[in-house]
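Note that the structure is predicted; figures quoted are calculated from it, not measured. Chain identifiers are assigned alphabetically (A, B, ...) following the order of the sequence lines, protein sequences preceding nucleic acid strands; residue numbering begins at 1 within each chain.
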Amino acid sequence: MNLFGEIRDNILNELAAMMREGALPAGLALENVAVEPPRDPAHGDMATNAAMVLARPAGMKPRDIAAALAVRLERNPRIDSAEVAGPGFLNLRLAPETWGALIEAILAAPATYGRSQMGQGQRVNVEYVSANPTGPLHVGHSRGAVFGDALAALLEYSGHDVTREYYINDGGAQVDVLARSVYERYREALGEAAEIGEGLYPGDYLVPVGRALAEKVGARWLGEPEEVWLAEVREFAIDAMMRLIREDLALLGVEMDNFFSERSLYDSGRIEAAIEALSAQGLIYQGVLEPPKGKMPEEWEPREQTLFRSTAHGDDVDRPIMKSDGSWTYFAPDIAYHFDKISRGFDQLIDVFGADHGGYVKRMKAAVSALSGGKVPLDIKLIQLVRLFRDGEPFKMSKRAGNFVTLRDVVERVGADVTRFVMLTRKNDAPLDFDLARVLEQSRDNPVFYVQYAHARVKSVMRRAEAAGITPGAPLIEDAAEVTLARKLAEWPRLVEIAARGHEPHRVAFYLYELASDFHALYNRGNDRPRLRFVQEGDAAATSAKIALPLAVSIVISAGLGILGVTPVEEMR
RNA sequence: GCUCGCGUAGCUCAGCUGGAUAGAGUGUCGCCCUCCGAAGGCGAAGGUCACAGGUUCGAAUCCUGUCGCGAGCGCCA
């Protein structure tokens, strides 16, 4: 049940009838008619802009249309009153029974309330994390991981067919560096002194990898030149790193559907095929780029390169795809990778990148636009930095890795649920402050706690009702605080669609906080007014009617937390 | 220099793809706990939505320009 959607349908039907009867000119477009919660609750339960949207095309005054529509809507038994306000808003007040019916509908279909068919089964590929396989994940990665995972869940919840994908950058120079670093640890494991020179990865996490390698191959690569061992050590090291990364992801509860190897694109003709597809459109040429203005690199000299005419698809300058030695730039396999995604038949692509990839957005969109003939939209979500604190002080430490805080450090301290929720309490493009101490505080200004506490409170109420042998019955929504809460529940399906459309999972987190807040307000009101308590001592019938509302709240909280990947708790400890 | 993002209450941030008197938490101030649901509750103050124009019935939201902060800018991925 989607109350906003249903009331909107009612309104559209009335407008259609008005057109048939001549009260409105025929043929008016109705897509822009919206039914929304009014900003000020004093304006009622719902408001529609129908009259204002239609006034101009109908050549009528907004308030006249609104008044005529109001008369019709007031005949609807679900609507108590319809009132013309302001420039032509129509404010609706719903009948108490309408709220009761909503709560009953939620209880009757707890697994589906809020789910949407908006996506119509569209196939969406969400690529996220995609960290280089050279070490454990750090805090920054965890934000991208949580965001991508929640976005994927949100899209599934709204009717999309989602594939969660990780792109393994195992084709570039950094995995050679990894191999050399592991080789030093290998030598170390065999009793020689490791020489971790400048530019190698110094982290301790490579020590066991070197040891495992020594156990596997023995001493046969000792003293041998790089050409002998590099390729095999690289394979071995990448495998080890990807295992590490999968473990880190598992700690956060993130599970990918597909890992895509960059290396698999090389030596298989797939890069060439992707470039050829661009070339066939005349988008590949030999040329010389202008130097960037204002900031002249030290050793700039004009250089002829193979370029992709990304400017034909909205980029600012054309981009090189081949180095002067004839090898591909990093951009080329990325083009091939996205070509592969397109050819796998996805209707929509989403890339979740770190904010330092900002300069990369336009060229990637240009490539996808060209390769898909403009048919497959690519949305790139940039994830801003995470600043770690503890009790307000900047937090720096590393147990195992170079000089960064690992994902594991954080999850082991505060838990996966807290990490996930907190990471989603900001828009992706705003920096996030993460305080390892404050996220564990039990107070109202900690949204994780506040939402969990609301769920636990409901469960406590339900346990007490159950102990008295009482089950939820036909709900009775009468007090203003109860209506406020029911109204918030009615917004859930609408919020899901808004959040999914904008690829903005943080909206779910904020919604849950508001819902919890309204719930706690009602609960607290029971202090002063015992009639508002959910469990009415010695009155089974009243209790049965009262507990339907909190139960519905817990259903929605549980669904929302499910999208965020957070486990709802039964009790606080 | 160019590109992208951001700029909203003292602080941290929401703000529904253009709606009404711009919201929440925190902080500040006032009131409320012997017990019955205070890991708090109720209320108040607090704003030139960075600035200036524009678009229209209507702008924090869209467009142009300016300022400030951050990130990026040809063989690093």
Side-chain angles (χ1 to χ4, degrees), chain A residues 4 32 34 36-40 42-43 47 49 52-53 55-56 61-62 85-89 91 130 132 134 169-175 177 262 288-297 300-303 305-307 315-331 333-334 354-362 380 382 384-385 425-433 435 441-447 449-450 453 457 460-461 491 494-495 497-499 501-502 504 506-507 509-511 513-514 517 520-521 523-528 530 532-535 537 572:
Chain A
F4 281 90
N32 290 331
E36 303 175 319
R39 194 175 303 186
D40 185 347
H43 291 143
N49 62 355
M52 287 182 292
V53 172
R56 179 191 291 265
K61 289 184 186 156
F89 285 102
N91 292 331
S130 296
N132 287 341
T134 55
N169 286 105
D170 54 3
Q174 79 283 356
V175 285
V177 174
E262 175 191 358
V288 179
L289 285 177
E290 297 282 313
K293 292 192 174 55
K295 176 213 144 202
M296 178 66 81
W300 174 271
E301 53 191 43
R303 182 190 303 140
Q305 294 171 288
T306 305
L307 300 170
D315 203 354
D316 308 306
V317 292
D318 293 339
R319 306 291 177 174
I321 55 165
M322 199 178 263
K323 302 175 192 173
S324 49
D325 68 0
S327 65
W328 300 113
T329 66
Y330 58 91
F331 187 35
D334 279 359
D356 55 339
H357 285 61
Y360 204 52
V361 171
K362 281 191 176 179
I380 298 185
L382 295 180
Q384 268 293 349
L385 294 177
T425 54
R426 288 285 174 276
K427 287 181 292 202
N428 59 287
D429 50 14
L432 169 76
D433 289 350
D435 192 308
E441 274 175 18
Q442 302 203 334
S443 71
R444 180 169 186 156
D445 64 328
N446 180 359
F449 163 77
Y450 208 56
Y453 185 31
R457 269 184 155 174
S460 165
V461 166
E491 288 177 27
R494 192 170 171 275
L495 180 113
E497 297 197 348
I498 290 168
R501 196 179 307 130
E504 296 172 324
H506 76 276
R507 286 183 190 273
F510 279 93
Y511 169 82
Y513 182 74
E514 291 169 12
S517 194
H520 288 305
Y523 191 98
N524 292 330
R525 203 155 289 203
N527 290 326
D528 298 330
L532 289 181
R533 296 182 188 181
F534 301 127
V535 176
E537 292 300 334
M572 303 305 294

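In the set B/A71, B/A20, B/A14, the nucleotide with an atom closest to the side chain of A/Asp356 is B/A71. Candidate nucleotides B/C16, B/A77, B/U12 were compared by shortest atom distance to the side chain of A/Glu262, and B/A77 ranks first. Listed nucleotides: B/A39, B/C75, B/U12. Nearest to the side chain of A/Lys323: B/C75. In the set B/A39, B/G40, B/A77, the nucleotide with an atom closest to the side chain of A/Asn524 is B/G40. Checking B/U3, B/G19, B/G74 against the side-chain heavy atoms of A/Asp316 singles out B/U3 as nearest.
The distance between atom CG of A/Asn446 and atom P of B/G40, rounded to the nearest whole Å, is 11 Å. For the pair A/His520 NE2 and B/A24 C1', the computed distance is 14 Å after rounding to whole Å. Across the protein-nucleic acid pair, A/Tyr330 atom OH and B/C73 atom P stand 8 Å apart, rounded to whole Å. Rounded to whole Å, the distance from CG on A/Asp429 to P on B/C13 is 12 Å.
One finds a side-chain N or O of A/Arg507 lying less than 4.0 angstrom from the OP1 or OP2 phosphate oxygen of B/G15. For A/Lys427 and B/G15, the shortest distance from a side-chain N or O to OP1 or OP2 is below 4.0 Å. The side chain of A/Lys362 places an N or O atom within less than 4.0 Å of a non-bridging phosphate oxygen (OP1 or OP2) of B/C4. At B/G15, one or more side-chain N or O atoms of A/His506 fall inside 4.0 Å of OP1 or OP2 (strictly under the cut-off).
Rounded to whole Å, the C1' atom of B/G5 lies 41 Å from the corresponding atom of B/G41. Across the P atoms, B/C11 and B/G72 are found 27 Å apart, a figure rounded to whole Å. Rounded to a whole angstrom, the distance from the C1' atom of B/G46 to that of B/G25 is 14 Å.
In this structure, A/Arg494 and A/Pro37 have side chains that are in contact, with non-hydrogen atoms separated by less than 4.5 Å.
For A/Arg494 against B/C16, a side-chain-to-base donor-acceptor contact under 3.5 Å is present. Residue-to-nucleotide contacts include a donor-acceptor pair under 3.5 Å from the side chain of A/Tyr453 to the base of B/A39.
Shown here, B/G10 forms a base pair with B/U26; the pair counts as Watson-Crick or G-U wobble because both key distances fall under 3.5 Å. The partner of B/U34 cannot be assigned: no Watson-Crick or G-U wobble pair with both contacts below 3.5 Å exists in any strand. For B/C2, the paired base is B/G72 (Watson-Crick or G-U wobble, both distances below 3.5 Å). Pairing partner, B/C62: B/G54, with both Watson-Crick or wobble hydrogen-bond distances short of 3.5 Å. Nucleotide B/U17 forms no Watson-Crick or G-U wobble pair with any nucleotide shown, as no partner meets the under 3.5 Å limit on both distances. Across all strands shown, nothing is found opposite B/G46 as a Watson-Crick or G-U wobble partner with both distances under 3.5 Å. The partner of B/A39 cannot be assigned: no Watson-Crick or G-U wobble pair with both contacts below 3.5 Å exists in any strand.
Between the OH atom of A/Tyr453 and the CD atom of A/Gln442 there is a distance of 9.0 Å, given to the nearest 0.5 Å.
In this structure, A/Arg533 reaches the bases: a heavy-atom distance under 4.0 Å links it to at least one base atom across the strands shown. A/Gln442 comes within contact range of at least one nucleobase, with a heavy-atom separation under 4.0 Å. As judged by a 4.0 angstrom heavy-atom cut-off over every strand, A/Tyr511 is placed among residues making no nucleic acid contact.
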